[in-house]
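Letters go in sequence order (proteins before strands), and every chain restarts at 1.
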2 protein chains.
Amino acid sequence: MKYIDKLRNSGLRPTKQRLQICEVLFNTEKTFHFTINELEQKIKDKIDNKISLATVYNTVHAFEKKGYLKQIPINSNQTYFDTNVTDHHHFYDLKDQKLIDLENSDVGPINIKKKINGKRIKSVEVLVKLED
Amino acid sequence: MKYIDKLRNSGLRPTKQRLQICEVLFNTEKTFHFTINELEQKIKDKIDNKISLATVYNTVHAFEKKGYLKQIPINSNQTYFDTNVTDHHHFYDLKDQKLIDLENSDVGPINIKKKINGKRIKSVEVLVKLED
DNA sequence: CACTTATTTAGAACCATTATAAACTAGGAC
DNA sequence: GTCCTAGTTTATAATGGTTCTAAATAAGTG
Ligand SMILES: [Mn+2]
Ligand SMILES: [Mn+2]
Ligand SMILES: [Zn+2]
Ligand SMILES: [Zn+2]
């Protein structure tokens with residue numbers, strides 16, 4: 001299977017649950033954004049056995065730590081994750097509470113002129129809030 | 001008092017609690033970032049009477065709705081607010097979990113080329129994550 | 001196989017935030 | 001001033017996403 005090596009190479013044992021979550025997360029045409037609840041629902045729809053909520057949380061955090069997922073900073077009571085781990089930006093539709101990808105070419109280069117002593121820039125993320 | 005009119009003009013009754021919270025939030029040289037817990041502590045330090053936690057939440061949300069505060073999107077278990085309601089961006093120091101203002105001149109103009117049908121851009125916020 | 005360590009799991013705990021509903025208060029009418 | 005009403009405060013409970021716990025299970029290794 002195509003995810004076994006990916007997991008092994010990251011030091012994660014390729015368990016049945018992790019491989020199934022990989023299928024849901026990564027075996028798609030397009031990348032997508034999700035909350036844990038939405039992911040849980042997707043898992044229920046796609047697989048027959050049950051995966052406990054704790055495992056879903058554990059797996060998402062493990063994948064995030066390995067760089068296979070990233071968190072998107074947003075004001076919501078739920079944490080949003082992204083299967084698109086490339087550097088990119090987001091629209092956030094305030095009414096629908098939906099995220100939409102912005103390519104870097106949609107935003108243009110961002111040049112941070114200020115420097116903080118002893119700190120390095122890890123990421124630069126733009127959030128564009130949308131209203132009707 | 002200088003905050004009575006501000007509150008009245010917003011349709012908020014100038015209660016003792018709200019005026020005291022105004023003093024803590026707005027009667028300062030510099031603007032600042034805070035969580036509800038940090039604000040609660042500041043209130044305790046500055047005033048003698050007690051203000052209930054529910055009132056702190058109510059007031060912060062009322063002030064946010066009136067545009068006297070804004071929320072900062074960030075991945076944290078606590079919500080961060082800003083007394084600087086002008087358009088500006090942020091550094092986020094991942095180690096210290098502290099926000100630092102970036103002026104617009106520190107970032108340069110951001111031109112969002114993509115359009116979403118029927119939606120208007122409400123805000124454009126840049127979050128620059130810092131590591132050591 | 002035996003053994004060790006990682007993982008899964010159900011359920012409890014945590015904790016920031018929101019809801020409740022009763023007491024209180026500001027402001028307007030008179 | 002009193003009376004009235006809508007707005008506000010308050011202690012406390014409820015909510016709900018997330019994390020923790022500790023026991024059961026599974027993976028990897030020899
Ligand atoms: Mn979530
Ligand atoms: Mn908070
Ligand atoms: Zn994205
Ligand atoms: Zn700020």
Side-chain angles (χ1 to χ4, degrees), chain A residues 1 3-24 33-44 47-66 68-81 97, chain B residues 1 3-24 33-44 47-66 68-81 97:
Chain A
M1 314 301 193
Y3 298 114
I4 291 183
D5 290 340
K6 179 176 179 159
L7 292 174
R8 279 233 180 78
N9 293 339
S10 318
L12 298 173
R13 290 185 181 173
T15 62
K16 182 174 122 191
Q17 291 87 345
R18 280 174 179 162
L19 289 169
Q20 289 177 323
I21 294 174
C22 276
E23 291 289 332
V24 174
H33 310 111
F34 64 91
T35 63
I36 295 288
N37 277 342
E38 291 167 347
L39 177 57
E40 228 196 341
Q41 194 52 56
K42 266 197 163 125
I43 290 168
K44 274 189 196 129
I47 71 176
D48 286 330
N49 52 304
K50 185 191 179 221
I51 298 181
S52 83
L53 181 58
T55 297
V56 177
Y57 272 99
N58 289 342
T59 303
V60 165
H61 288 142
F63 286 2
E64 189 203 1
K65 191 169 291 176
K66 296 300 179 183
Y68 302 141
L69 291 174
K70 66 176 184 182
Q71 254 184 281
I72 303 172
I74 223 168
N75 286 132
S76 167
N77 58 328
Q78 292 175 241
T79 306
Y80 277 80
F81 294 90
Q97 296 197 75
Chain B
M1 314 303 194
Y3 298 114
I4 290 182
D5 291 339
K6 178 175 179 159
L7 292 174
R8 280 234 181 78
N9 293 339
S10 319
L12 297 173
R13 290 188 181 171
T15 62
K16 182 174 123 191
Q17 291 87 345
R18 282 175 179 162
L19 289 168
Q20 289 178 324
I21 293 173
C22 276
E23 291 290 332
V24 175
H33 309 112
F34 64 92
T35 63
I36 296 287
N37 277 344
E38 290 167 349
L39 177 57
E40 227 196 342
Q41 195 52 56
K42 264 196 164 127
I43 290 169
K44 275 190 196 129
I47 72 176
D48 286 330
N49 52 303
K50 187 196 178 215
I51 298 181
S52 81
L53 180 58
T55 297
V56 178
Y57 272 99
N58 290 341
T59 302
V60 165
H61 288 142
F63 286 2
E64 189 203 2
K65 192 169 291 182
K66 297 299 180 183
Y68 302 141
L69 291 174
K70 65 177 186 184
Q71 254 184 280
I72 304 173
I74 222 170
N75 286 133
S76 166
N77 57 328
Q78 292 175 239
T79 306
Y80 277 79
F81 294 91
Q97 297 197 70

Undergrad: Mind checking what makes side chain to side chain contact (heavy atoms under 4.5 Å, CB included) contact with B:Q17, not counting sequence neighbours?
TA: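 Listed in chain order: B:T15, B:I51, B:T55.
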
Undergrad: Between P on C:dT7 and NZ on A:K65, what's the gap in Å once rounded to a whole number?
TA: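 Roughly 11 Å, once rounded to whole Å.
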
Undergrad: Using whole Å, what does the distance between atom C1' of nucleotide D:dG17 and atom CD of B:Q78 come to?
TA: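 After rounding, the reported distance stands at 15 Å.
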
Undergrad: Once side chain to side chain contact (heavy atoms under 4.5 Å, CB included) is applied, do any residues pair with A:K65, and if so which ones, sequence neighbours excluded?
TA: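 None.
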
Undergrad: Would you mind reading off the distance between A:K66 atom NZ and C:dA6 atom P, rounded to a whole angstrom?
TA: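 Interatomic distance, NZ of A:K66 to P of C:dA6: 12 Å.
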
Undergrad: Applying side chain to side chain contact (heavy atoms under 4.5 Å, CB included), can you list everything that pairs with A:Q71, at least two apart in sequence or on another chain?
TA: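 Counting only residues at least two positions away or on another chain, A:Q71 forms a side chain to side chain contact (heavy atoms under 4.5 Å, CB included) with A:E64, A:T79, A:F81, B:N75.
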
Undergrad: Who passes side-chain hydrogen bond (donor to acceptor under 3.5 Å, both in side chains) against B:Q20, sequence neighbours left out?
TA: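 Partners of B:Q20 by the side-chain hydrogen bond (donor to acceptor under 3.5 Å, both in side chains) criterion, ordered by chain and then number, come out as B:N49.
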
Undergrad: Nearest whole Å is fine: how far is D:dG7 C1' from B:R8 CZ?
TA: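 Taking atom C1' of D:dG7 as the reference, CZ of B:R8 is at 13 Å.
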
Undergrad: Would you kindly give the OH-to-C1' distance between A:Y57 and C:dT7, to the nearest whole Å?
TA: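 A:Y57 atom OH is separated from C:dT7 atom C1' by 19 Å.
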
Undergrad: Would you list the protein and nucleotides 9-12 of chain D atom pairs, both N or O, that sit under 3.5 Å from each other?
TA:
residue, atom, partner, partner atom, Å
D:dT9, OP1, B:T15, OG1, 2.4
D:dT9, O3', B:Q17, NE2, 2.7
D:dT10, OP1, B:Q17, NE2, 3.2
D:dT10, OP2, B:S52, N, 3.2
D:dT10, OP2, B:T55, OG1, 3.0
D:dA11, OP2, B:K50, NZ, 3.1

Undergrad: So for the helix from C:dC1-D:dG30 to C:dC30-D:dG1, with five pairs setting each end axis, what is the inter-axis angle to 10°?
TA: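 End-to-end axis angle: 30°.
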
Undergrad: Give the rounded distance in Å between these two atoms: CG of A:L12 and P of C:dT5.
TA: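 The answer, rounded to whole Å, is 18 Å.
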
Undergrad: Is B:H61 close enough to C:dT18 that one of its side-chain N or O atoms is under 4.0 Å from OP1 or OP2 there?
TA: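 Affirmative; the distance criterion is met.
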
Undergrad: Does B:K42 qualify as a cation-pi partner of B:F34, given the criterion of NZ or CZ under 6.0 Å from the six-membered ring centre and within 45 degrees of its axis?
TA: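 No, a cation-pi geometry is absent between B:K42 and B:F34.
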
Undergrad: If we only count heavy atoms from C-beta on, is the B:E38 to B:Q41 side-chain gap below 4.5 Å?
TA: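 Sidechains of B:Q41 and B:E38: no contact.
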
Undergrad: C:dA16 phosphate, OP1 or OP2: any side-chain N/O from B:T79 under 4.0 angstrom?
TA: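 It does not, given that no N or O in the side chain of B:T79 lies less than 4.0 Å from OP1 or OP2 of C:dA16.
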
Undergrad: Between C:dT17 atom P and B:E40 atom CD, what is the distance in whole Å?
TA: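 For the pair B:E40 CD and C:dT17 P, the rounded distance is 11 Å.
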
Undergrad: Can you measure B:N37 atom CG to C:dT18 atom P for me and round it to whole angstrom units?
TA: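 Going from B:N37 (CG) to C:dT18 (P), I get 13 Å.
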
Undergrad: With sequence neighbours excluded, tell me which residues meet salt bridge (charged side-chain N to carboxylate O under 4.0 Å, His left out) with B:E23.
TA: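 In terms of salt bridge (charged side-chain N to carboxylate O under 4.0 Å, His left out), with neighbours along the sequence ignored, B:E23 is linked to no residue.
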
Undergrad: When you compare the side chain of A:C22 with that of A:F63, does any pair of heavy atoms fall below 4.5 Å?
TA: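 The answer is yes; the side chains approach within 4.5 Å.
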
Undergrad: Within a strict 4.5 Å, meaning less than it, do heavy atoms of the B:T59 and B:L12 side chains meet?
TA: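 No, side chains not in contact.
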
